[in-house]
J.: 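Got a structure for you, written out below as structure tokens; questions coming shortly.
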Amino acid sequence: MAANSSGGGSSDRQRTARQRLSVIAGHLQRPADGDVAVLAAECKAQEADVSGEEKTVPRRRQEIMKWNGWGYSDSRFLFNKKGQAEFTGKRYRLSGMIIPGLKDWFESTFGASLQHKTPATPILNSSAVPPPTLNEALVEELKSTSIPFSHDAEDRVFRAHGHCLHEIFALREGKLGRVPDMVVWPNCHNDVVKIVELACKHNVCLIPYGGGTSVSSALECPREETRSIVSLDTSQMNRILWIDEKNLTAHVEAGIVGQDLERLLNESGYCTGHEPDSMEFSSLGGWVATRASGMKKNIYGNIEDLVVHVKMVTPRGVIEKSCQGPRMSTGPDIHHFIMGSEGTLGVVTEVTMKIRPMPEYQKYGSVVFPNFEQGVACLREVAKQRCAPASIRLMDNEQFKFGHALKPQVSSIFTSFLDGLKKFYITKFKGFDPNHLCVATLLFEGDRERVLQHEKQVYDIAAKFGGLAAGEDNGQRGYMLTFVIAYLRDLGMDYYVIGESFETSVPWDRVLDICRNVKARIVRECKDKGVQFPPLSTCRVTQTYDAGACVYFYFAFNYRGLSDPVHVYEQVEHAAREEILANGGSLSHHHGVGKLRKEWMRETVSDVGIGMLKSVKDYVDPNNIFGNRNLL
Amino acid sequence: MPTPLKIPSCQQRHAAGLMEDETWVDLLKEKKDGCDLSHACRPFNPQTYSGASHCTTAELNAAVLESHFLHRVATEVAMETGVTVKEVKEEARSILEEMSQNLQLGFVRLMGFVLTKVLKRIFTGVFFNMDGLNTLQQAVKENPVILMPNHRSYVDFLVISYILFTYDIPLPVIAAGIPLAGMSIVGEILRRSGAFFIRRSIGSDKLYWAVLSEYVRSIVRGGFAPVEFYVEGLRSRTLKSLTPKLGMMQMVLEPYFKSEVFDITLVPISISYDRVLEESLLVHELLGVPKPKESTAGLLKASRVLQEDYGSMHVNFGRPLSVRQLCEGRINRGHYNLIPRCRTHVDLVQSPTAQEQACVSWIAHRVVRLQEQGSLLGPWPLMACLLLRAPAAVLTGEGLPWRQLREETLWLRRLALDFGALLKFPGQWNNVCCLFSVSDLHRSVVQRKEGRIYLVEEERDIPRKHPLSPEEGVLRTAAPLLMLAAYQNQCLHIFVRPAMLAVAARIAGSTQRDELLAAFCFLQVVFSNEFIFVPGRSHQDFEEACSLLEKCGAVQADRQEVTVAPGGQEVFSFLQELLQPFIHSYQVPRSPFQVLTEKHFLPTVRNKATNLILSGDLGTYEALSSDTQKNALSALRRLEAATKLRNEYKVNLAAVRRIGDALCEWLDRNTFIVLKVLFITASNGSLKAFFFSSLSL
Ligand SMILES: Cc1cc2nc3c(=O)[nH]c(=O)nc-3n(C[C@H](O)[C@H](O)[C@H](O)COP(=O)(O)OP(=O)(O)OC[C@H]3O[C@@H](n4cnc5c(N)ncnc54)[C@H](O)[C@@H]3O)c2cc1C
């Protein structure tokens with residue numbers, strides 16, 4: 001069992017390979033209770049065939065990705081002829097598996113039915129795409145630079161949106177709004193410098209595009225923009241330029257997506273540890289531009305903690321610091337104008353990031369609590385003692401049930417029997433009410449000794465709050481959910497169910513109240529807005545800090561009988577955000593503001609704050625070349 | 001003797017909220033068939049608030065004592081007073097012990113058993129609206145619920161708990177005054193029925209406030225049980241709604257302001273009695289015979305009550321109100337984001353914001369208004385109005401012709417219906433027996449003899465050694481008159497807005513809308529202790545008055561003018577006369593005092609009023625009522641003509657002059673109000689209005 005992980009003197013590559021094997025073995029024959037090491041990366045799509053030099057994201061995204069849904073074209077949920085849910089493709093652990101419980105959960109939670117389908121428009125009708133407004137002079141000059149560009153309809157549509165519900169919903173209906181007129185693929189920092197110069201010269205609007213995973217309408221083309229809009233796709237700037245083992249830093253081009261960055265670093269035995277849920281597709285530049293947060297921030301920090309040096313190309317020129325000192329007292333940190341600028345000031349081209357040796361050992365875990373209140377109290381205590389594992393997340397009862405519904409079919413009768421036994425034990429013996437209990441999922445990382453020690457410490461704290469260790473399986477399934485949930489939304493949309501998640505951060509003593517009130521507000525608003533079925537309104541606490549926590553809400557409903565479901569959805573989400581703010585929650589913990597949450601910026605940062613940001617924008621980009629109109 | 005009232009021509013006749021629309025269930029009828037004992041022993045499985053943290057009374061108390069908030073206040077108190085935190089906490093514990101309820105189902109069953117027996121004996125029916133109860137049943141599952149009954153009798157809350165018990169609704173914990181706790185056995189029984197006890201005058205006792213507010217908030221926050229309290233603060237001795245008290249209201253609303261709960265549901269409950277158990281007690285309290293200290297023995301003496309018939313009782317469970325909805329646009333909860341939560345609670349250090357205070361007051365007033373609107377009225381309050389129009393001498397002397405009273409009652413019934421009153425079986429009032437039986441029920445106040453109706457003057461229990469002194473004579477007549485006035489008060493809320501418009505029309509001497517409105521608003525300021533006006537709604541109240549009067553055909557209104565309709569004068573004079581006693585009573589408190597101690601205020605004023613009545617200068621016995629006198633004093637204070645300094649009331653000459661000036665200025669601008677007020681009151685042969693005295697001082 002434990003023999004398969006800590007690979008003392010063996011090379012990194014071998015170690016990785018061995019860990020992988022162990023995972024597969026572990027999955028096939030999982031002991032009921034044991035400390036098997038598994039890699040976090042196992043939860044997301046596996047790129048086993050891709051060698052170090054091959055990159056995930058091609059210029060033509062349509063070759064591997066959906067145009068009107070989440071992720072890879074070959075991976076999706078569907079209900080097969082027998083009415084069983086199934087996940088297609090080969091990339092994920094869940095791929096090719098049957099998920100027997102999903103249908104019942106889906107139908108009973110949403111009042112949905114497999115009989116009532118709302119299929120998406122199958123293919124993108126290029127003729128429906130408005131013809132591009134090209135700035136001929138710019139096109140001419142671009143041609144002479146050898147920087148690739150395109151005004152192909154598909155290319156442009158792909159870069160016209162992020163993954164907000166309304167964006168995807170419109171695509172599924174075949175509706176296209178304003179799309180960029182052109183896409184350029186710079187290959188390096190200097191290409192970007194050239195493009196920005198040309199854009200200024202010819203007064204076109206530039207919108208940086210990283211991984212396209214934005215959930216704040218940040219990538220949407222402003223309707224009022226009359227200039228030619230050029231989408232600057234960073235995906236081909238995806239090299240690690242150097243690794244500095246002495247200082248544990250890596251200098252990386254900003255277009256690299258998370259999975260490539262981790263994989264390439266892993267090959268040298270390192271990692272950044274920055275793992276936002278969208279890491280398969282989101283880019284380093286995107287993280288910097290949105291102030292992203294990764295699941296394992298407790299060990300590695302959020303993006304602002306990881307960045308040592310940034311280079312950004314602005315209409316005024318390149319902004320960067322002169323050295324790589326770990327901390328400086330040189331007035332306001334200019335990095336903080338860059339981080340969170342959401343593509344309004346310039347293009348992040350290169351970033352020096354902290355790296356860490358890959359952890360020797362990883363272990364999932366889970367704890368069941370009799371109710372959400374106890375769970376939150378436990379997380380608070382863990383934060384107080386500053387002993388949070390790499391990741392600790394607390395799901396409420398609805399999500400716990402959701403997680404259960406996502407259990408793939410198991411072949412061994414023995415396992416399911418054990419499952420049954422476990423459930424019986426939890427619900428009956430310990431007096432846990434299945435309609436109240438909730439579960440925390442844990443991920444420990446580090447050297448083996450410490451992980452085990454750490455684990456004990458956390459479980460001991462949990463026990464004080466009535467928490468009961470519930471095995472690694474439950475934990476791992478929880479993290480797996482993270483990577484497939486976006487695919488599940490597409491499945492819902494095939495059957496009249498729409499939904500989305502949104503997040504906030506809030507002081508500890510308001511966590512319970514905000515969770516309760518926002519969930520209740522969603523239910524109330526849905527009712528008021530004429531939604532015919534009770535919505536799914538659930539939350540989880542996904543990050544802990546000294547002074548508060550990050551809370552994530554999921555909300556979905558069956559829209560049968562509504563004439564304008566997206567509008568209803570937006571009204572409810574709007575109300576939910578108002579509720580968050582009234583409850584002392586922040587406008588955003590990591591998704592950013594974009595255009596979706598702009599209206600609350602003034603009250604969030606005060607008049608003077610807005611003025612400060614405006615004056616920076618006015619100085620850096622007086623002609624609004626970076627005209628995506630986010631934030632302000 | 002006012003001329004008999006004729007029925008005006010009504011354009012529309014709304015049968016507003018008649019009893020027939022709703023299913024009223026008689027609790028006693030239901031139970032009469034079954035056995036009381038088995039009822040008391042029935043299984044009780046209420047469906048509780050879904051978000052409730054199920055804890056025991058002891059756990060609740062422990063949580064209160066261990067709360068962050070209390071700890072902080074205790075630390076502060078310790079610092080301020082120089083004792084140890086431990087001692088302060090010990091004190092907090094004993095405060096909580098004195099305060100806390102100890103709801104026990106067994107006791108509720110016992111109470112239920114006894115109560116059924118008693119209720120069956122004294123009431124012919126205890127009605128409640130089934131629809132309201134069904135809605136409540138639903139509401140308790142969704143949010144913490146606050147039950148807000150009006151308070152007219154000591155049996156109010158027992159009956160409510162009993163109804164809830166019968167229909168499987170979680171039993172409330174009830175805020176009660178500490179004197180009740182002092183009644184040894186009864187206090188304990190009440191405690192076990194869910195009552196918790198609050199000291200009457202808390203003043204600036206910081207620790208007490210802290211314990212109380214944390215206790216109440218904890219119950220609301222955790223959905224421990226529905227909280228029941230009387231927003232009027234006291235049992236109304238005039239049977240008129242009292243100006244709401246805001247302390248408790250603030251405490252129950254706070255968890256919403258601080259986003260500690262998603263919503264809170266307020267349920268106004270209107271309780272009305274055909275005949276109030278404590279009727280004679282009330283009157284004696286008002287006349288200054290001190291209120292008997294609530295003792296067990298006193299209650300037993302009250303067992304005389306059991307021999308009498310009190311007609312029926314109605315409990316109307318109002319439509320639940322969502323605090324969230326009420327607060328929309330009034331409270332910005334985000335204001336509390338920058339204050340640590342254990343500090344945001346109201347204590348003496350951190351008093352509520354103006355925004356919050358205004359909202360609390362507004363909600364409290366609204367609830368009282370809803371209680372008024374939900375009260376069910378029989379013929380008796382209307383008859384009382386009509387009886388009181390006659391001079392006391394007539395009522396005690398030759399009496400009123402019964403036929404006239406009957407006709408007028410039917411006339412007034414129609415007017416009341418037009419004004420949207422909730423009347424009890426109004427269709428049956430024509431029936432000969434109906435009004436007879438009503439007057440019979442009230443034979444302690446009136447007597448029917450040979451086609452005429454008379455006031456029953458008080459018997460003195462003490463054997464008379466010497467003839468009655470004139471002062472005693474006044475009191476003797478005053479008692480039944482005040483009782484009549486109290487019953488009249490039950491229906492005043494229906495008429496008060498139109499009546500104020502009618503009076504405003506008279507003082508303004510104009511038909512212009514804006515002038516009428518100004519006069520109307522002025523009257524609202526003067527009488528805001530007397531009647532319930534929701535703050536900030538003067539304009540709507542005015543509009544409401546106009547439209548009601550229009551509806552009954554008494555006025556014609558357009559955008560500029562409101563004029564008395566042909567044939568509307570009847571209604572108009574009736575309404576003006578309705579308010580007259582109040583205007584008259586308000587004159588009394590003026591003359592004798594420039595400086596008056598609190599203790600001497602009431603006796604002095606009462607003597608003065610008695611003398612005025614004896615001299616024939618004052619025709620209104622209601623001026624003898626201590627409640628009226630207190631209200632008048634409040635009005636003076638509100639107008640800053642009197643100030644309170646420690647235990648003394650002082651007439652602030654400068655302020656009075658300032659008001660005088662202000663009024664004069666107003667007078668210049670509007671050239672109507674004050675003089676007209678003085679004019680009417682003077683022309684009615686009474687004393688000058690109290691504001692005149694202010695001016696002349
Ligand atoms: C399923 C799902 C899960 C998610 N989970 C997380 C999570 O766990 N944590 C988290 O923080 N976020 C998460 N997000 C949100 C999103 O992934 C992040 O905002 C991410 O940082 C965006 O990166 P991107 O490369 O996709 O940027 P894009 O979506 O392409 O762009 C986002 C914004 O950044 C600007 N931008 C992009 N690249 C650059 C650049 N190089 N220079 C300047 N501006 C640039 C764009 O103009 C745009 O305004 C999630 C989103 C989805 C759909």
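Reckoned from all heavy atoms, side chains included, excluding hydrogens, waters and symmetry mates. Letters A, B, ... mirror the listed sequences (proteins, then strands); counts begin at 1.
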J.: So, does N517(A) use its side chain to make a donor-acceptor pair with the main chain of S259(B) at under 3.5 Å?
T.: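 Such a contact is found between N517(A) side chain and S259(B) backbone.
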J.: Counting only heavy atoms not in H574(A) (residues, nucleotides, ligands), do more than 12 fall under 6.0 Å from its NE2?
T.: yes
J.: Using the test side-chain hydrogen bond (donor to acceptor under 3.5 Å, both in side chains), find all partners of R369(B) that sit at least two apart in sequence or belong to another chain.
T.: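 Listed in chain order: E372(B).
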J.: Do the side chains of E578(A) and R333(B) get close enough for a salt bridge, i.e. N-O under 4.0 angstrom?
T.: no
J.: Between the side chain of R516(A) and the main-chain N/O of E260(B), is any donor-acceptor distance below 3.5 Å?
T.: yes
J.: More than 12 heavy atoms of other residues, nucleotides or ligands under 6.0 Å from NE2 of H336(A): is that the case?
T.: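 Result for NE2/H336(A): enclosed.
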J.: Do other residues, nucleotides or ligands put more than 12 heavy atoms under 6.0 Å from E599(A) CD?
T.: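 For E599(A), atom CD is crowded (more than 12 foreign heavy atoms under 6.0 Å).
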J.: How about R524(A) and F262(B): do any of their side-chain heavy atoms sit closer than 4.5 Å?
T.: yes
J.: Please flag which part of N332(B) lies under 4.5 Å from any non-hydrogen atom of chain A: side chain, backbone, both or neither.
T.: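 Nothing of N332(B), per the 4.5 Å heavy-atom cut-off to chain A.
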J.: Do you know which two heavy atoms are closest between N337(B) and N583(A), and how far apart they sit?
T.: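 Taking N337(B) first and N583(A) second, the nearest heavy atoms are OD1-C, 3.9 Å.
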J.: Do D513(A) and K258(B) touch side chain to side chain, with heavy atoms closer than 4.5 Å?
T.: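 No, too far: nothing below the 4.5 Å cut-off.
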J.: Going by ring-ring contact (aromatic ring centres under 6.0 Å, His included), name the pairs with one or both residues in residues 502-525 of chain A, residues two or more places apart or in two chains.
T.: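 Matches after skipping sequence neighbours: F502(A)-F553(A).
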